[in-house]
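Reading through the structure tokens given below for one structure.
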Amino acid sequence: MDDPEHEDAREAALEGEYNPTEVEAKWQERWVEAETYAYEGAADPNTAYAIDTPPPTVSGSLHMGHLYGHTLQDFAARFQRMANGEVLFPFGYDDNGIASERLTEEDLDIRHQEYERREFQRLCREVCAEYEAEFTEQMQGLGTSIDWSHTYKTIEPRVQRISQLSFLDLYEKGREYRKNAPAIWCPECETAISQVETEDDERDAHFNDIAFELTGNAPREEFVISTTRPELIPACVSVFIHPDDDANQDLIGETARVPIFGHEVPIIADDRVDTEKGSGVVMCCTFGDRNDIEWYHAHDLPLRVAIDETATMTDLAGDYEGLSTAEARTEIVEDLESEGHLRDRREIVHAVGVHERCDTPVEYRVSKQWYIEILDHKQEYLDAGAEMEWYPEKMFSRYRHWIEGLEWDWLISRQRDSGIPFPVWYCTDCDHPVMAEREDLPVDPLSDEPPVDACPKCGGESFEPEEDVFDTWATSSLTPLINAGWDWDEESGEFRMEHPELYPFDLRPQGHDIISFWLFHTIVKCYEHTGEVPFDATMINGHVLDENREKMSKSEGNVVDPAEVMDEYPIDAIRFWAASAAVGDDFPYQDQDIVAGEKLIRKLWNASKLVDDLAPADPDEPEELEAIDRWLLAELDAAVADLTDHLESYEFAKARNRLRTFFWNTFCDDYLEIAKTREDSASTGYALRRAHRTFLTLWAPFLPHVTEEIWQALYASEGELAETSLHTGKWPSPQGYDADLAAGETAMEVVSALRRYKSERQLPLNADLERVAVYGPIEGFEGVIRDVMHVSELEALEDPPEITTEVAAIDLDYSKVGPEYGSKVGEIDAGIESGEYEVRDGTLRVAGEELGSELFEVERERTYSGDGEMVETESAVVVVSE
RNA sequence: GGGCUCGUGGUCUAGCUGGUCAUGACGCGGCCUUUACAAGGCCGAGGUCGGUGGUUCGAACCCGCCCGAGCCCA
């Protein structure tokens with residue numbers, strides 16, 4: 001396998017049984033080696049088809065979602081490459097965020113706090129590189145037509161530069177700001193974490209009912225709030241009442257005094273109060289939970305920080321300063337009780353947010369964060385989404401609802417070690433931000449100097465570097481710009497793209513779970529930078545469920561490992577399964593579908609061997625094709641047209657099923673059996689080869705390995721693989737064959753009927769039939785029927801055989817009768833049912849009405865009284881005499 | 001709790017701008033060596049189209065409610 005000479009020595013060959021293990025590995029290797037799928041550039045944006053592929057997060061190995069998603073993309077890429085020319089099918093890794101840090105910590109069993117930032121980043125790169133190499137190998141094992149010379153990693157310097165350029169551009173456009181805001185914080189790990197790193201956990205706790213006094217001329221003296229976190233009362237900034245809470249209406253607008261600490265807070269109405277819980281009166285602290293944060297934003301409340309980054313009470317907590325939150329809770333409850341403010345205390349179990357890794361309940365801490373302003377451009381982003389084609393269309397509503405529900409701007413700063421740094425320093429004296437120069441990017445403010453000696457605002461001469469890094473989505477939302485080679489051109493003073501013909505991209509494929517993340521954020525960024533919608537179309541794929549239609553989850557232990565599936569089945573068969581679901585629908589992993597794919601591959605292989613046996617290698621097209629051959633090629637034309645339509649609309653399941661039915665039933669079961677009897681026909685020889693070549697190209701996007709193997713064995717010309725590969729060849733177009741389709745169809749019906757006849761009598765299919773008479777349109781196909789069914793004498797009847805008929809039933813055409821007779825239809829039905837009707841001169845008299853012949857059909861039961869056996873088909877009557 | 005989506009023979013699915021007999025595959029039963037394929041061919045059995053109420057002459061399809069599942073947001 002290492003020796004390419006040896007490789008070439010065993011060229012593709014159509015002998016014996018198909019060996020997918022060997023053949024698939026061979027072509028995967030040769031495709032990559034020959035750079036078969038390299039994007040070679042195109043001058044015209046209309047001929048370049050570009051896919052903005054999802055960069056997988058490096059978090060271990062390939063899962064079924066990767067396999068499925070990339071296979072769908074590959075269907076599109078392979079079809080477009082054959083049909084329209086140049087295709088960019090790139091690949092990237094998202095290795096710059098929290099996921100890669102956590103992977104590193106787990107893999108090396110370390111904590112990032114134990115290392116210098118640079119050192120930890122280095123470890124991250126090393127660990128990620130290992131996982132990426134393994135992942136790449138698995139991806140190549142999928143046989144996708146990715147251009148492996150066109151890849152990126154989100155942590156690489158080129159992408160860091162693009163991320164920082166994006167930040168500077170949006171800042172200059174006035175679309176970014178920095179302000180104090182709360183973030184989820186783990187006091188154990190001493191770091192901000194994202195919401196996806198938290199989970200709910202049931203914990204024992206106490207509900208404490210605490211009395212607050214009212215100030216001034218209040219309607220009553222006090223009220224009671226319930227809380228599980230009494231240590232937060234020094235951080236209390238307001239009290240909330242539900243606007244519909246009749247019992248407490250009188251409190252709205254009053255001022256409350258916080259017990260022990262004595263500060264005064266307003267009482268405000270807000271419908272986010274849960275009236276079912278406790279007394280219906282809630283205190284808002286900065287910050288106890290996510291609701292507090294919403295209220296803080298909505299009512300512009302002051303900030304009182306009573307807990308620091310290590311979960312220790314601050315000076316705001318007065319006498320309790322320096323205690324842990326747990327200690328403070330105990331002491332504050334005791335003091336409330338002794339001062340008479342504690343009215344009740346009871347045990348409860350409730351859900352608290354904890355850090356999924358250390359199970360520590362999270363806090364909400366305030367720090368200065370960078371935001372991208374998006375709320376003021378909601379309409380633009382909605383319009384941008386509406387401009388794209390959505391496959392399936394229904395997914396647009398998810399995007400729309402997400403945008404309509406947006407309440408906060410996009411927080412892009414993260415307090416992490418291994419992301420892409422903000423290219424910003426702050427003046428130590430006045431906090432004025434100093435941005436890096438574009439030509440210097442990428443920069444790391446922690447090690448690089450700011451581009452100025454003095455603060456342009458106050459003249460101060462010392463600067464603090466920004467320590468935060470970008471949110472992962474802030475970078476992965478730039479993938480179209482990364483793939484198109486977006487950069488700042490110093491000379492012209494504007495942004496340029498290395499491959500402007502790729503942008504906007506033709507397709508954005510992704511799962512339905514990240515419409516609100518990847519797709520939305522990409523539209524925000526690209527729209528703001530370029531003023532254009534970044535995609536013509538988006539294809540939203542569903543999720544792969546387990547064989548019982550349950551979601552795959554590690555804790556349930558029902559995760560299917562693609563490596564095992566790929567070990568057991570040919571990739572082409574797995575791809576056949578991947579094409580079984582309508583795009584957008586969730587669908588189960590079922591190996592019966594993969595087995596069906598295996599059977600198809602075998603069928604294609606065996607049929608190819610037969611075609612090669614029956615037909616000369618490269619026959620010329622005869623002057624005139626015989627009816628049966630012209631019929632096949634006309635049907636093939638129709639299949640080509642249908643398939644092209646389906647693939648252009650990303651309807652892979654429809655394309656797959658259409659092609660399978662035509663190939664298996666029409667070509668193999670019907671035509672090939674006929675072709676066996678016509679080996680010396682130049683017409684059939686030509687049609688066989690024409691159809692066979694076409695089938696290989698039509699199957700190529702779905703079954704790239706087996707089709708390439710057969711193609712190379714039979715049809716490829718001499719030369720480099722990148723030129724001779726089936727996959728860089730042309731997609732077929734209908735050739736305009738004209739045939740009597742009805743006659744062909746009827747002939748096939750007659751053949752089926754004769755097969756049924758033999759089958760029912762337990763005769764072998766090649767048993768001889770003495771005499772067969774056919775009444776029906778089979779002109780030009782008589783000989784074909786005779787030969788394939790071993791009929792000694794076949795007669796085409798001019799007139800119907802001697803049959804007696806009697807009316808068996810009346811079939812109404814309800815689509816016409818309904819609108820015309822409305823509620824009378826019931827009576828008409830009843831009349832026919834009971835036999836109280838009459839058919840005369842093409843008119844049906846029933847229930848006092850006269851129905852014209854266009855409204856009904858008379859179904860007759862035929863009885864054959866002549867010699868032999870009568871068999872009926874849809875459009876013919878067949879009489880068999882043995 | 002809110003939004004979106006899905007629910008068709010044992011399993012997976014097509015059909016869903018309403019019009020008699022609901023498509024195909026896998027599985028199951030029976031029969032058969034057509035010049036490749038028995039891992040093939042032919043035939044057959046198997047469905048109250050999640051439940052319920054409504055609109056209509058007529059509903060798998062349109063509308064309401066309920067049940068179950070998935071995703072996103074709280």
Side-chain angles (χ1 to χ4, degrees), chain A residues 14 17-18 195 272 274 276 290-291 294 392 394-402 404-407 511-517 540 542-543 545 547-551 576-577 580-582 584-614 653-654 656-658 660-661 664-665 668-669 672-677 679 751-767 787-790 809-829 832 856-857 859:
Chain A
L14 275 194
E17 299 207 340
Y18 179 61
Q195 204 209 324
R272 278 164 281 202
D274 182 357
E276 303 294 304
R290 299 178 63 83
N291 224 10
E294 279 193 36
K394 65 190 177 190
M395 288 295 173
F396 175 63
S397 57
R398 294 206 188 187
Y399 178 83
R400 182 161 53 83
H401 283 99
W402 163 256
E404 286 169 354
L406 280 175
E407 286 176 2
H512 56 58
D513 52 332
I514 51 172
I515 291 173
S516 53
F517 289 95
I540 308 292
H543 284 182
L545 308 173
E547 63 271 24
N548 301 315
R549 283 200 146 273
E550 305 273 328
K551 182 191 167 188
F576 188 76
W577 157 78
S580 70
D585 285 356
D586 290 348
F587 74 121
Y589 168 80
Q590 293 255 123
D591 43 22
Q592 63 174 42
D593 253 326
I594 303 183
V595 170
E598 259 185 311
K599 289 186 177 183
L600 174 68
I601 294 168
R602 207 172 293 125
K603 192 78 177 174
L604 180 57
W605 179 261
N606 287 320
S608 298
K609 285 203 297 188
L610 180 61
V611 168
D612 200 36
D613 269 359
L614 294 175
K654 283 184 185 172
R656 178 194 98 142
N657 295 337
R658 172 75 169 91
R660 186 192 178 280
T661 302
W664 199 305
N665 301 121
C668 292
D669 292 346
L672 278 183
E673 290 307 330
I674 291 166
K676 284 174 184 174
T677 66
E679 208 170 345
V751 169
S752 290
L754 294 175
R755 279 193 195 131
R756 204 177 314 132
Y757 176 89
K758 292 182 180 180
S759 182
E760 278 164 5
R761 282 156 188 75
Q762 304 189 8
L763 295 167
L765 285 168
N766 61 353
D787 292 345
V788 76
M789 290 321 293
H790 298 89
I810 302 289
D811 286 338
L812 294 177
D813 183 346
Y814 286 93
S815 64
K816 293 190 183 119
V817 176
E820 199 169 329
Y821 291 93
S823 54
K824 197 85 203 257
V825 173
E827 281 177 57
I828 295 172
D829 274 337
I832 293 171
F856 69 98
E857 252 178 66
E859 197 175 297

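Every chain is numbered from 1 and lettered A, B, ... according to where its sequence line falls, protein lines coming before strand lines. The analysis underlying the following values was restricted to heavy atoms, covering all of them including side chains, and did not include hydrogens, waters or symmetry mates.
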Between A:Met395 and A:Ser752, just flag the one whose closest nucleotide in RNA chain B comes earlier from the 5' side.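 On the 5' side of the pair lies A:Met395.
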Closest-nucleotide 5' rank along RNA chain B - winner of A:His512 and A:Arg660: A:Arg660
With sequence neighbours left out, which residue pairs that include part of residues 596-614 of chain A fulfil the salt bridge (charged side-chain N to carboxylate O under 4.0 Å, His left out) condition?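 Found A:Asp612-A:Arg689.
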A:Lys551 side-chain N/O to B:C71 phosphate OP1/OP2 under 4.0 Å: yes
What nucleotide among B:C6, B:C72, B:G3 has an atom nearest to a side-chain atom of A:His401? B:G3
Per-nucleotide protein contact along nucleotides 35-40 of chain B, 5' to 3', at a 4.0 Å heavy-atom cut-off (B base, S sugar-phosphate only, - neither), is BBB-BS
Protein proximity profile, nucleotides 7-23 of chain B - base contact B, sugar-phosphate-only contact S, no contact -, cut-off 4.0 Å on heavy atoms: ----BSSSS---BB---
Integer-rounded Å distance: [N] [atom2] and [X] [atom1]:
X	N	atom1	atom2	answer
A:Gln762	B:G41	CD	P	20 Å
A:Trp402	B:G2	CH2	C1'	14 Å
A:Leu754	B:C43	CG	P	12 Å
A:Leu406	B:G3	CG	C1'	13 Å
A:Asn665	B:A25	CG	C1'	11 Å
A:Ile540	B:C72	CD1	P	13 Å
A:Arg761	B:U34	CZ	C1'	18 Å
A:Glu760	B:C42	CD	C1'	9 Å

So which heavy atom on A:Met789 is nearest to which on A:Val751, and how close? SD-CG1, 3.8 Å
[atom1]-based separation of [M] from [N] [nearest Å]:
N	M	atom1	result
B:A22	B:U48	C1'	14 Å
B:G27	B:A74	C1'	44 Å
B:G44	B:G9	C1'	14 Å
B:A14	B:A25	C1'	11 Å

Can you list the residues that meet the side chain to side chain contact (heavy atoms under 4.5 Å, CB included) rule with [X], with sequence neighbours excluded?
X	answer
A:Tyr821	A:Val817, A:Lys824, A:Val825, A:Ile828, A:Glu849, A:Leu851, A:Leu855
A:Ser580	A:Trp577, A:Phe587, A:Asp593, A:Arg656
A:Asp787	A:Thr677
A:Ser397	A:Arg400, A:His401

Under the side chain to side chain donor-acceptor pair (under 3.5 Å) test, which residues partner [X], sequence neighbours left out?
X	result
A:Arg660	none
A:Gln590	none
A:Asp586	A:His512

Any-strand Watson-Crick or G-U partner of [N], both distances under 3.5 Å:
N	value
B:C42	B:G30
B:C49	none
B:A25	B:U11
B:U17	none
B:C71	B:G3

Atom pair CD (A:Glu760) and CD (A:Gln762), whose distance is rounded to the nearest 0.5 Å: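 Interatomic distance, A:Glu760 CD to A:Gln762 CD, rounded to 0.5 Å: 10.5 Å.
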Could you grab the distance from atom CZ of A:Phe576 to atom CG of A:Leu600, nearest 0.5 Å is fine? 5.0 Å
For A:Arg755, run the side chain to side chain contact (heavy atoms under 4.5 Å, CB included) check against A:Leu765, A:Leu763, A:Val788 and tell me which one passes.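 Exactly one candidate clears the test, A:Leu765.
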Close N or O pairs between protein and nucleotides 66-68 of chain B (under 3.5 Å):
none

Side-chain donor/acceptor contact of A:Ser759 with base of B:C43 under 3.5 Å: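 No pair found.
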Is there a donor and acceptor pair, one atom on the side chain of A:Arg398 and one on the base of B:U5, closer than 3.5 Å? no
Of all residues at least two apart in sequence or in a different chain, which pass the ring pair (Phe, Tyr, Trp, His ring centres under 6.0 Å) check with A:Tyr18? A:Trp605
